[in-house]
Asks: 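Supplied in structure tokens, the structure appears directly below.
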Amino acid sequence: QVQLVESGGGLVQAGGSLRLSCAASGLTFITYVMGWFRQAPGKEREFVGAISRSGGDTTYGDSVKGRFTISRVNANNTVYLQMNNLKPEDTAVYYCAADWTGYSTIIRVGRRDYDYWGQGTQVTVSS
């Protein structure tokens, strides 16, 4: 049974930082592209960023470029989202997701491409 468990969310003031973690189990972690998405109330789930299987490549949504960084430690089956210079508009539930891309090296950004999802962790940024 595949499980993705996010942690690290909370309340932070604008300009602050948070680091989210996602621990994966029940899958061969290194064979999955790992992504982060977020969903604010009343809005569509939005792509935040993703990291390749090796960790050598990343891609980010325009709204977080230069502020957020994704990393992974394959030995620990964990992916991280470092969020700096947080803004009130970053307030959302953040989800970790896993995408099996076979032998392709592509990093996909569509939520329907991802096979497994975590339960989400709330991030609230106060102004």
Asks: Given 3.5 Å as the limit, does a donor-acceptor pair link the side chain of Y114 with the main chain of V33, or not?
Replies: no
Asks: Output the distance between atom CH2 (W100) and atom CG (D113), rounded to the nearest 0.5 Å.
Replies: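 With rounding to 0.5 Å, CH2 (W100) is 13.5 Å from CG (D113).
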Asks: Looking at side-chain heavy atoms only, is the closest gap between F29 and T78 below 4.5 Å?
Replies: no
Asks: For the pair N74 (side chain) and R53 (backbone), establish whether a donor and an acceptor sit closer than 3.5 Å, ignoring hydrogens and angles.
Replies: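 Checked: pair present.
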Asks: Determine the minimum heavy-atom distance between P88 and A14, stating which atoms define it.
Replies: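 Scanning both residues, the minimum pair turns out to be CD-CB, 4.1 Å.
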Asks: Do M83 and D90 make a side-chain contact, defined as non-hydrogen atoms from C-beta onward lying under 4.5 Å apart?
Replies: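 Heavy-atom side-chain distance check fails, nothing below 4.5 Å.
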Asks: Hey, any chance L4 and I51 share a hydrophobic cluster, counting ILVMFWY side chains that come within less than 4.5 Å of each other, even indirectly?
Replies: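 Linked, L4 and I51 end up in one cluster.
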Asks: Is the shortest side-chain heavy-atom distance between L20 and V123 below 4.5 Å?
Replies: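 Yes, side chains in contact.
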Asks: Check this for me: does any side-chain nitrogen of one of D62 and K65 sit under 4.0 Å from a carboxylate oxygen of the other?
Replies: yes
Asks: Atom OG1 in T121, atom CH2 in W36: separation rounded to 0.5 Å?
Replies: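 Taking OG1 in T121 and CH2 in W36, the distance rounds to 8.0 Å.
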Asks: So, does T91 use its side chain to make a donor-acceptor pair with the main chain of V125 at under 3.5 Å?
Replies: yes
Asks: Write down the atom of I107, the atom of A50, and the distance for their closest heavy-atom approach.
Replies: CG2-CB, 3.4 Å
Asks: Are the side chain of E6 and the backbone of G120 linked by a donor-acceptor contact shorter than 3.5 Å?
Replies: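 A pair under 3.5 Å: yes.
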Asks: Would you tell me whether S63 and E89 have side-chain atoms, one donor and one acceptor, within less than 3.5 Å of each other?
Replies: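 There is no such pair (donor and acceptor under 3.5 Å, judged by atom type) between the side chains of S63 and E89.
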Asks: Does any non-hydrogen side-chain atom of T101 lie less than 4.5 Å from one of R108?
Replies: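 Contact flag for R108/T101 side chains = yes.
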Asks: Going through the checks in order, is the side-chain contact (heavy atoms from CB on, under 4.5 Å) test met by Y80 and T69?
Replies: CA-CA 8 Å; Y80 302 96; T69 304; over 6 Å; no
Asks: At their closest point, which heavy atom of V109 faces which heavy atom of F37, and how far apart are they?
Replies: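 Of all heavy-atom pairs spanning V109 and F37, the closest is O-CE2, 3.6 Å.
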Asks: Side-chain contact, heavy-atom cut-off 4.5 Å: I70 with Y60?
Replies: yes
Asks: Atom CZ of R72 and atom OG of S21: how far apart are they, to the nearest 0.5 Å?
Replies: 14.0 Å
Asks: What distance do I30 atom CD1 and N77 atom CG have between them, rounded to the nearest 0.5 Å?
Replies: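 One finds 9.5 Å between CD1 of I30 and CG of N77.
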Asks: So do the side chains of R38 and V64 get within less than 4.5 Å of each other, counting heavy atoms only?
Replies: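 R38 reaches V64 side chain to side chain.
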Asks: How are the rings of W117 and Y95 set relative to one another: parallel (under 30°), tilted (30 to 60°) or perpendicular (over 60°)?
Replies: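 It falls in the perpendicular class, over 60°.
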Asks: On a heavy-atom basis, which atom in S17 and which in N84 lie closest, and how many Å separate them?
Replies: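 Closest pair (atom of S17, atom of N84, distance): OG-OD1, 2.9 Å.
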Asks: What is the distance from atom OG of S52 to atom CE of M34, rounded to the nearest 0.5 Å?
Replies: 12.0 Å
Asks: Within the structure provided, determine whether D115 and Y32 are in side-chain contact (heavy-atom separation under 4.5 Å).
Replies: yes
Asks: Got a second to check how far I106's CD1 is from D57's CG, nearest 0.5 Å?
Replies: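 With rounding to 0.5 Å, CD1 (I106) is 11.5 Å from CG (D57).
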